[in-house]
Visitor: 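My questions will all concern the structure given below.
Quick caveat: nothing in here was measured; it's all calculated off a predicted structure. In listed order, ligands and their atoms are each counted from 1.
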Amino acid sequence: MPLKAELHCHIEGAAAPELVISQAQKYGKDTSPYIQNGSFVWHDFTSFLAAYDFSADLFRSEEDYARLADHYLTSLARDGAIYSEVFTSPDHATRAGLSPKAYTDALGEGMLRAKAKTGIEGRMIVTGVRHVGVESIERAARFAARCGHPLVTGFGVAGDERMGEMEDYVRAFEIAREAGLGITIHAGELTGWETVQSALDHIKPSRIGHGVRAIENPDLVRRIADEGIVLECCPGSNIALKVFDSFADHPFPALQAAGCKVTLNSDDPPYFWTSLKREYDIAAEHFSMNEKALAAVTKTAIEAAFVDRKTKTALLARLNGAAR
Ligand SMILES: [Zn+2]
């Protein structure tokens, strides 16, 4: 089994059905409209969001969030992952009545529990949500910049790509960059190549969340390759959301062949009936990648990780050791 690393996963969207069912029992809620036969059920974007919000609402206390992070990272480690970055969302916490700090501390506690059991390294990327608005994104950036939590190492913007313009987020990203945080932004998933170009022009991230629709513009693909921008690709998510018709149509191999740095990620895994392990399996099956090619993807992810030099060196050594 190849060692794995993940850069793109939304922690609220990573709650496994069995964990959601157990949380629902705790809070006296009925999961049957959203989970059937151990899987999430949805059929369009509206019902996807309904299931997502239902589950996210079952994580309310610090212990709930610690349990969520512990559960997810432990399951990742079981599948061979040695490193995990998750997107956190202070807006979710505020809705649940927790302060962003209490929420972040709790997730960090869960990550440390998983590390104690399995050795997996975890870090957090605080995200603002586009459809909540620019003000909340700047608030999230200010929180990320000053929270001082040792596992908060990045800042990103997620949410509905069709809302707002990249220029709107420049200030938020400046706050994050000045604080020394790594920068990533979702673009080129539900919207075309133009949002990826705009993100590179205005935000100057080292990584793009998805970015796969850059494939629509060969000049942009060349620019991504030349500038060494890392793409957080999530093929299973793309197919579930019908961004591409099938894995055979997915641009992952073409982007890689063009010299772009690509990584494999699960996004909101149980909602897209995937996992990080399944993404690696998809790449093996549909993109003809052997163990060596998959190990190279993990290496790309670790090199692009928002993690201190010492930890990065240790992770790369682990990867090299496994390759021998
Ligand atoms: Zn995402």
Visitor: Do Ser84 and Tyr72 meet the criterion of a side-chain donor-acceptor pair at a distance under 3.5 Å?
Guide: no
Visitor: If the cut-off is 2.8 Å, does any N/O/S atom of Asp267 fall short of it from the Zn ion (ligand 1)?
Guide: yes
Visitor: Look at His8 and state whether any of its N, O or S atoms is less than 2.8 Å from the Zn ion (ligand 1).
Guide: yes
Visitor: When Tyr103 is tested against each of Phe143, Tyr65, Phe59 for ring-ring contact (aromatic ring centres under 6.0 Å, His included), which residue passes?
Guide: Tyr65
Visitor: Test of geometry: compute the angle NE2(His186)-the Zn ion (ligand 1)-NE2(His10) and round it to 10°.
Guide: 90°
Visitor: Got more than 12 heavy atoms from elsewhere within 6.0 Å of CG, Asp219?
Guide: yes
Visitor: Any side-chain donor paired with an acceptor under 3.5 Å for Thr298 and Tyr280?
Guide: yes
